[in-house]
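Beneath this line is the structure, given in structure tokens, with notes to follow.
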Amino acid sequence: MKIHRLKLNFSNVYLVQGEKTILVDSGMPGEGKQIINAARQIGIKPGDISLILHTHAHVDHAGSSAELKRLLGIPTAVHVADADQLRRGRMNPLTPMRLEARLIKPVVDRPFPALEPDLLIDEAIELSRFGIQGTIFHTPGHTAGSISLFFPNREAIIGDLLMGGYMGGNLLSSQPKHHYFAEDLCAVRASIRKVIALQPARLFVGHGGPLDPHTVVNKFSREIEFQM
Ligand SMILES: [Zn+2]
Ligand SMILES: [Zn+2]
């Protein structure tokens, strides 16, 4: 099993390659062909991709899902609590966490091609159906339907639960930070705690990264009581 990170203009998407390959998130609108080309370059054919799985339904993670579903003819999955954002092609109002977030808000607060999800995640989806060994965890806070993925090699994809670095992850990308936006900061903290309790080896995030879990514990130990 291997996790390939594709760094797009604004966000990361991941190709998780096992028996088959699943695509985790789809970037901004109009990035579908770029994702397919990048997959080809690492030897993953379009026909190998079995599922588009969303860490959450924000424009920079679900923007090209409708296009990719059309091009690849594969199902899409999202947590039930984020499904309406995907159906509308419009995010819930963003709550900025700090000044930088206010500056970035006009860039990301825009509509995207709507999509009716094929599978609604309520923690019970078997990824083995799609040729991948891994477990889905509900890690709400950034959005109510944010999920994380945990794989047998102890690597995890946690979406926008945290981000790496500054300037959208382009600067000091291995430094853990709160994301620019959170629907519920208390829930974010509880979800970070849940992820760390799984003792992951490495955390892949939606912007910047990857993150070393030890740096996450150090950074947030004053606001989160970790169970070590
Ligand atoms: Zn997001
Ligand atoms: Zn994002």
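Note that these values count all heavy atoms, side chains included, but never hydrogens, waters or copies made by symmetry. Just so you know, ligand 1 is whichever comes first in the structure, and atom 1 is the first atom listed for that ligand. All residue numbers in this chain count up from 1 along the given sequence.
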How about T143 and H58: do any of their side-chain heavy atoms sit closer than 4.5 Å? yes

Are Q17 and H4 close enough that a side-chain donor and a side-chain acceptor fall under 3.5 Å? yes

Would H207 and N12 count as having a side-chain donor-acceptor pair, cut-off 3.5 Å? no

Of all residues at least two apart in sequence or in a different chain, which pass the ring-ring contact (aromatic ring centres under 6.0 Å, His included) check with F150? none

I'd like to check the ring-ring contact (aromatic ring centres under 6.0 Å, His included) partners of H54; sequence neighbours left out, ordered by chain and number. none

Among residues two or more places apart or on two chains, list those pairs meeting side-chain hydrogen bond (donor to acceptor under 3.5 Å, both in side chains) that have a residue in residues 30-47. none

Metal environment of the Zn ion (ligand 2), protein N/O/S under 2.8 Å: D60 OD2, H61 NE2, D160 OD2, H207 NE2

